[in-house]
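Note sheet for the following structure.
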Protein chains: 2
Amino acid sequence: MTATDAALGGLRAMIASGDIAPGQRFPPEAELCVRFGVSRSSLREAARILSTLGVVEVRHGSGMYVSRLDPADVVRGFSLTVDLLPLEGLLQLLEIRRVLESHASAQAAARASDELVTRLHALADRMEAAVDLDELGRLDRAFHEAICDAGGNPTVSSLMEVFRSRGGHYRIMTSDHADPVRRASDAGHRAIAAAIGRRDPAAAATAAAAHVAQTEYWLSRMKPAPDADPVAAPRGPERSDPAGVSP
Amino acid sequence: MTATDAALGGLRAMIASGDIAPGQRFPPEAELCVRFGVSRSSLREAARILSTLGVVEVRHGSGMYVSRLDPADVVRGFSLTVDLLPLEGLLQLLEIRRVLESHASAQAAARASDELVTRLHALADRMEAAVDLDELGRLDRAFHEAICDAGGNPTVSSLMEVFRSRGGHYRIMTSDHADPVRRASDAGHRAIAAAIGRRDPAAAATAAAAHVAQTEYWLSRMKPAPDADPVAAPRGPERSDPAGVSP
DNA sequence: TTAGGCGAGTCGTCCGACGACTCACCCGGC
DNA sequence: GCCGGGTGAGTCGTCGGACGACTCGCCTAA
């Protein structure tokens, strides 16, 4: 049992026992040190762990506070990691994104406001007209974010934001196949917006899944391709070949 | 820009640039300190952040290494947080679990080996016979883990393990309604195993979703219930009322 | 050849100090 | 009386040095 572990356990116990409620402040570091019997360095490392996980928040000159323990905040800490993941890991994340975003789209379709539908079509318009790739990335994120937010689960929304944060998948726009990719992407956005406009959850889910699958498809083609063509090895029953995109 | 941020950025840059490949060792702390112009304390806090996120691994007496950057490992770091989440956050996580585990079950059904089906039914047998609640929790985790592993996405499997790690949801087994909960849970496991045995992805997905929804239902009843009966406010089209469980 | 010791290298922890920041309190001006 | 700014105690951020614990390659001796 290392000193940092002891401090970590002590802090977690104080939270778990309800001793310190969300939003409340911990005693100062010096006091916690004597309570746990560790040095300030070890205590600070333990605090750093919890702050990385989004459990506590340390404010310079003020003190250490328990965060609201909202899963959406917790999830956000991952954005630091996602840009470091290799391609193989990204594909696993994209499969999760496909499933969850499909789900969120269905939820959004079931409860969409007229404002949302108008907004989605407006974003689709601007995406089709965009020339700057950065601009395109921003619009794309806004489009999907609006849908996820309407899905009603903030954790899902936050998780999708993290997965999407690596805007790098738009680098495929600079590859040789930029044009068909772009057209298929625009069509996908239209299909999703239309399904949500019709308040058709099943259609929205299908359209969203196909849209993400399209990204998966193009991204998987950037793999070194160790043995087989990715198309010949679909990864499951839901893996639909993006219509109109395959060569 | 704080000193810790500087060190964090430096370390991340070394990884992102491919300067240090996965599995390789960083220079010793002292050298990194002079390179980034920070003290050893600050460098160690930055290293602690990355090790919490699963990006690096620090071995006592040996050095700091870049991890394999496997999303499954990264996700695992969350288990420390999950048991601190309040009930409301748990419900958001359960919705994600419902969606992802439903997906994994469909995948598993599409590619199930005979061994898997045998194993699932054996686990279901033991769960029905179990009397110890800890034993029951272990069997339940093993059952769902086997399915997720067969789903083929290690990240999903790891994520589900984290969500499930809070075995606490089995505390509902000690509530007044322990008996119907237990019966419904057993029936749910049977239904999932049977669907996978029939290699029926759609049925497996539905059965898995219903099984998790059942947990959501009972857990949501433990809420302070601010205004309405949870049953009167379903959270989406997929939210099926667990058959045979409702009062 | 091999088992064991040994020592250099590295991380884990502690201590003391000082600067930076926050916040509540106090005081003077309006 | 009200408001604004100064001020000081409290707290976190960072630094430097020191020493113990652990790892691992090397070397010695059986």
Side-chain angles (χ1 to χ4, degrees), chain A residues 1-15 19-69 73 76-77 80, chain B residues 1-15 19-69 73 76-77 80:
Chain A
M1 175 66 114
T2 71
T4 301
D5 284 340
L8 181 63
L11 292 176
R12 292 185 69 223
M14 290 177 75
I15 301 171
D19 202 355
I20 315 272
Q24 273 191 324
R25 201 184 70 176
F26 279 90
E29 292 180 349
E31 182 176 332
L32 292 173
C33 287
V34 305
R35 182 183 304 199
F36 302 145
V38 300
S39 75
R40 199 168 153 228
S41 323
S42 300
L43 179 81
R44 280 185 61 77
E45 293 210 18
R48 186 62 85 171
I49 291 175
L50 290 178
S51 93
T52 301
L53 292 173
V55 175
V56 306
E57 185 186 352
V58 182
R59 301 182 203 153
H60 189 182
S62 175
M64 178 164 61
Y65 299 77
V66 180
S67 81
R68 290 181 295 103
L69 288 177
D73 292 334
R76 203 161 287 128
L80 275 183
Chain B
M1 174 64 114
T2 70
T4 301
D5 285 339
L8 182 63
L11 292 175
R12 290 186 70 225
M14 291 177 74
I15 302 172
D19 201 354
I20 315 271
Q24 271 191 324
R25 201 184 71 175
F26 280 89
E29 292 179 349
E31 182 176 332
L32 293 172
C33 287
V34 305
R35 180 184 305 198
F36 302 143
V38 301
S39 74
R40 200 167 153 228
S41 321
S42 300
L43 178 82
R44 281 185 61 77
E45 292 211 18
R48 186 61 86 171
I49 291 175
L50 290 178
S51 92
T52 300
L53 291 173
V55 175
V56 306
E57 184 185 354
V58 183
R59 302 181 203 155
H60 189 181
S62 175
M64 179 164 60
Y65 299 77
V66 181
S67 80
R68 290 180 296 105
L69 288 176
D73 291 334
R76 203 160 288 128
L80 274 183

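Residue numbering restarts at 1 for every chain, and letters A, B, ... go by the order of the sequence lines. Values below: all heavy atoms of this structure, side chains included; hydrogens, waters and symmetry mates excluded.
Within the 3.5 Å criterion, the main-chain N or O of Leu80(A) finds a donor-acceptor partner in the side chain of Arg12(B).
Nearest nucleotide to the Pro28(B) side chain, out of dT14(D), dT10(C), dT11(D): dT10(C). Listed candidates were dG12(C), dT13(C), dC15(D). Nearest to the side chain of Ser42(B) is dC15(D).
Nearest heavy-atom pair, Ser42(B) versus Ala3(B), reported as atom, atom and distance to 0.1 Å: OG-CB, 3.7 Å. Contact between Ala6(A) and Val38(A) at its shortest, heavy atoms only, is CB-CG1, 4.4 Å. When all heavy atoms of Gly77(B) and Leu53(A) are compared, the pair lying nearest together is O-CD2, 3.8 Å.
Of the two residues contacting DNA chain D, namely Met64(A) and Val38(B), the nearest-nucleotide position lying further toward the 5' end is that of Met64(A).
Between Tyr65(A) atom OH and dC21(C) atom P there is a gap of 17 Å when expressed in whole angstrom units. If you measure from atom CD of Glu29(A) to atom P of dC21(C), you get 16 Å, rounded to the nearest angstrom. If you measure from atom CD of Glu45(B) to atom P of dC15(D), you get 10 Å, rounded to the nearest angstrom. To the nearest angstrom, P of dC12(D) lies 8 Å from CZ of Arg44(A). If you measure from atom CZ of Phe36(B) to atom C1' of dC15(D), you get 17 Å, rounded to the nearest angstrom. Between the CG atom of Leu43(A) and the P atom of dT11(D) there is a distance of 14 Å, rounded to whole Å. Rounded to whole Å, the distance from CG on Leu8(B) to C1' on dG13(D) is 15 Å. The CD atom of Glu57(B) sits 14 Å away from the C1' atom of dT23(D) (whole-angstrom rounding).
In the interface, the side chain of His60(A) is paired with the base of dC12(D) through a donor and an acceptor atom under 3.5 Å apart. If you check distances only, the side chain of Arg40(A) does reach the base of dG13(D) with a donor-acceptor pair under 3.5 Å. The base of dT11(D) lies outside donor-acceptor range of the side chain of Arg25(A), with no N or O pair under 3.5 Å.
Counting only heavy atoms from C-beta outward, the side chains of Arg35(B) and Pro27(B) approach each other to under 4.5 Å.
Using a 4.0 Å heavy-atom cutoff across all strands shown, Ser41(A) reaches at least one base atom of the nucleic acid.
Residue Ser62(B) has no polar side-chain atom (N or O) positioned under 4.0 Å from OP1 or OP2 of dC22(D). In terms of phosphate contacts, Arg59(B) brings no side-chain nitrogen or oxygen within less than 4.0 Å of OP1 or OP2 of dT23(D). The side chain of Ser39(B) places an N or O atom within less than 4.0 Å of a non-bridging phosphate oxygen (OP1 or OP2) of dC15(D).
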